[in-house]
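Numbering of residues begins at 1 and proceeds along the displayed sequence. Atoms within a ligand are numbered from 1 in the order they appear, just like the ligands themselves. For clarity, every value in this text was computed on a predicted model and none was experimentally measured.
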Amino acid sequence: MSTTKLQKKRIATSCITLPLKKEVLEEIVDKAKDWALMHGAAMRSRTKYEHDTLTLAPFILLPSPLPKSEFEKAVAIQPTLNELMHKVAHDYDFLKESLKDTIEVDDFTKNLFDIYEIIHSEGAAQLLSLGLIRSDLMLESVCPNVDDISNLQLDDLEQSDDNHFRTYCCWKQVEINTIASGFGWLGPISAAIQRFVLSELGYYEKLKNLPDNNALSGLCQGMIKAWELYNTKSAVIMFLVEDVTYNICDQRFHEFEIHRLNRDIKVIRRTLTQVANNAKLGPNKQLLIDGCEVAVIYFRAGYEPGHYHSQKEWDARLLMERSLAIKCPSIHYHLAGTKKVQQALARPNTLDKYLKTPEAIASVNEIFTGLYSLDFDEYGERAIKMAMENPERYVLKPQREGGGNNVYGNDIRDVLLKMKDTPERTAWILMDKINPPFTQGYMIRPNNPGLPEIVDLVSELGIFGAIIGNADTILYNKQLGHMLRTKLSTSNEGGVAVGIGALDSPYLIDDMD
Ligand code: ADP
Ligand code: MG
């Protein structure tokens, strides 16, 4: 960990003076909800699913303040993170070494790894991969002027200055997503809702502080670039989707945007089961399904065990990996995005192998927070002891994606007590809990009558990136845009689709200190 003194900076609590008058709030909330719903800030309901009915996605009424310099820093680092993930994905030995204990006990990761081994030994038909990556970051507000954050007692934090919860020192990475990195649509539309609200309230001069966000277009341009590299005019882009898609607006707007950018490209949607039933490989390993040749596969499914109902769906994944289609992601990219690999990357001196300049290495190291393996060795034992003694300082994570899988607070103790003498523990990682600064605002939820109250909120910024290349060459590497998810400061997780988090966007302010 860095021995430089961490300096704290202040953050404003809201972009306009709150609270709003009752009559103003009543009117603007109702209007903003309709605007959001009518412009596609919506999803299918999980509690009352109807195929043809959309429900409003929860959103924050006004954009959340974020220091401009920090936003720019997060954006600037993305191409380096893209390059890092690309290189890690192509490092067979590193992936194998990092995941070797995990695959002994985690069947899902083992199934993915088995496919990787098959492709690695056969040789891939398609050497290019498309990475549509999202790096998720939170500002850290617990910034002691010491070089070891873990030495700090939580009591010290409670007693620090009144404003400690509104100060921060640096970004910390929550995780990096290499599969189904969603919110390319819901990110930009969140700013559009909030622009509408600020305009309706007469704050026109504030609109310039909401940064442009071309995430949707950028992600689609990445897919189109891959389609062009495949170089077959009649070939399609296939979205691999869940059996039931709740986050339908986010997915469909990608589809519509591809059509807007290039009318010649057809997009089809298929589930893993449909691929299993209907796809086959052509003479040159082309992926053929229902009369179409597939140029690019964009995975919005396949990242959790529930998506694979039987061996059939695993066979479908293998078939796709064996094919000539450009996968987003290919299997090695999927594995590079696992939490175990994230933890292995945070080990001292690991980045030196992948990043060329000391500046790039330092900038990535700076956003890594403490990540610890639970292997059966001296480090793993130490991590278990730390977590048992101070569970509130950590998050315990299994090898899963999609939210709702992590363990927090005292539950960490219970889970560790159960598994600490079993091999299962090696499939988990321990991570320092990030403590983001609070901001304040109104959270608007669907079907929630009554006026919203001002609540304490915390945000997670996601920066999108695209990368295309093979083991030797990177052909395309871009930062594409962003998304902001905000939750109550009291919630552990912030899934928008599961109704805990809300759509939001940054309101850029000059640094206050
Ligand atoms: P998933 O793959 O399920 O999205 P994440 O690692 O992103 O897993 O964790 C889910 C959520 O849990 C995050 O969006 C964030 O709100 C919270 N979270 C995860 N790691 C941390 C952490 N180290 N500190 C604080 N909150 C965290
Ligand atoms: Mg996540």
(message) Show the nearest heavy-atom pair for residues Ser181 and Phe464, with the distance to one decimal.
(response) O-CE2, 3.6 Å
(message) How far is atom 9 (O) of ligand 1 from the closest protein heavy atom, and which atom is that?
(response) Asn406 ND2, 2.9 Å
(request) Give the numbers and elements of all ligand 1 atoms closer than 4.0 Å to a heavy atom of Met431. (result) 23 (N)
(message) Is there a polar contact, in the sense of an N or O pair closer than 3.5 Å, between Ile434 and ligand 1?
(response) yes
(message) Can you tell whether the side chains of Arg413 and Asp411 come within less than 4.0 Å, N to carboxylate O?
(response) no
(message) Please determine whether the number of non-hydrogen atoms from other residues, nucleotides or ligands lying under 6.0 Å from atom CG of Asp352 exceeds 12.
(response) yes
(message) Tell me the closest heavy-atom pair linking Pro452 and Ile444, and the distance in Å.
(response) CG-CD1, 3.8 Å
(message) Using the side chain to side chain donor-acceptor pair (under 3.5 Å) definition, which of the options Asn111, Thr271, Thr273 pairs with Glu313?
(response) Thr273
(message) Counting only heavy atoms not in Lys385 (residues, nucleotides, ligands), do more than 12 fall under 6.0 Å from its NZ?
(response) no
(message) Quick check against the 3.5 Å criterion: does Arg300 have a side-chain atom that pairs as donor or acceptor with the backbone of Phe239?
(response) no
(request) Specify side chain, backbone, both or neither for Val395, according to which of its non-hydrogen atoms lie closer than 4.0 Å to ligand 1. (result) side chain
(message) Return the closest protein heavy atom for atom 16 (O) of ligand 1 as residue, atom name and distance.
(response) Lys487 NZ, 3.1 Å
(message) Students should be able to answer this: which protein heavy-atom is nearest to atom 3 (O) of ligand 1, and at what distance?
(response) Gly403 N, 2.6 Å
(message) So that I know where these two stand, are Phe108 and Trp314 an aromatic pair - ring centroids less than 6.0 Å apart?
(response) yes
(request) Please state which part of Asn435 comes within less than 4.0 Å of ligand 1, counting heavy atoms only: side chain, backbone, both or neither. (result) neither
(message) I'd like the name of whichever of Met138, Glu401, Glu304, Glu175 reaches closest to atom 4 (O) of ligand 1 through any heavy atom.
(response) Glu175
(message) Is the ring pair His307/Tyr303 parallel, tilted or perpendicular, if the boundaries are 30 and 60 degrees?
(response) perpendicular
(request) Measure from the Mg ion (ligand 2) to every N/O/S atom of Glu175 and report the name of the nearest one. (result) OE2
(message) Taking 4.0 angstrom as the limit and counting only heavy atoms of Arg400, give me the atoms of ligand 1 inside it, by number and element.
(response) 2 (O)
(message) To check your reading of the model: name the closest protein heavy atom to atom 23 (N) of ligand 1, its residue, and the distance in Å.
(response) Asp432 O, 2.9 Å
(message) Testing Arg425, Arg382, Lys100, Lys340 one by one against Asp375 for a salt bridge (Lys or Arg N to Asp or Glu O under 4.0 Å), which residue passes?
(response) Lys340
(message) Check for me whether Lys172 has a heavy atom closer than 4.0 Å to any atom of ligand 1.
(response) no
(message) Under 4.0 Å, counting heavy atoms only: does Asn492 come that close to any atom of ligand 1?
(response) yes
(request) Answer yes when Asp91 and Lys96 have at least one side-chain N-carboxylate O distance shorter than 4.0 Å, and no when they do not. (result) no
(request) Record the part of Lys339 in heavy-atom contact with ligand 1 below 4.0 Å; permitted values are side chain, backbone, both and neither. (result) side chain
(message) Any nitrogen or oxygen of Asp136 lying under 3.5 Å from a nitrogen or oxygen in ligand 1? Just yes or no.
(response) no
(message) Among all protein heavy atoms in this structure, tell me which lies nearest to atom 14 (O) of ligand 1, with the distance rounded to 0.1 Å.
(response) Glu460 OE1, 2.6 Å
(request) For Gly402, counting its heavy atoms only, list the atoms of ligand 1 lying under 4.0 Å from any of them. (result) 1 (P), 2 (O), 3 (O)
(request) For Lys397, counting its heavy atoms only, list the atoms of ligand 1 lying under 4.0 Å from any of them. (result) 5 (P), 6 (O), 19 (C), 20 (N)
(request) Counting heavy atoms only, name the option from Tyr408, Tyr394, Tyr303 that's nearest to atom 18 (N) of ligand 1. (result) Tyr408
(message) Assess whether a salt bridge exists between Asp114 and Lys110, defined as any Lys/Arg side-chain N lying under 4.0 Å from an Asp/Glu carboxylate O.
(response) yes
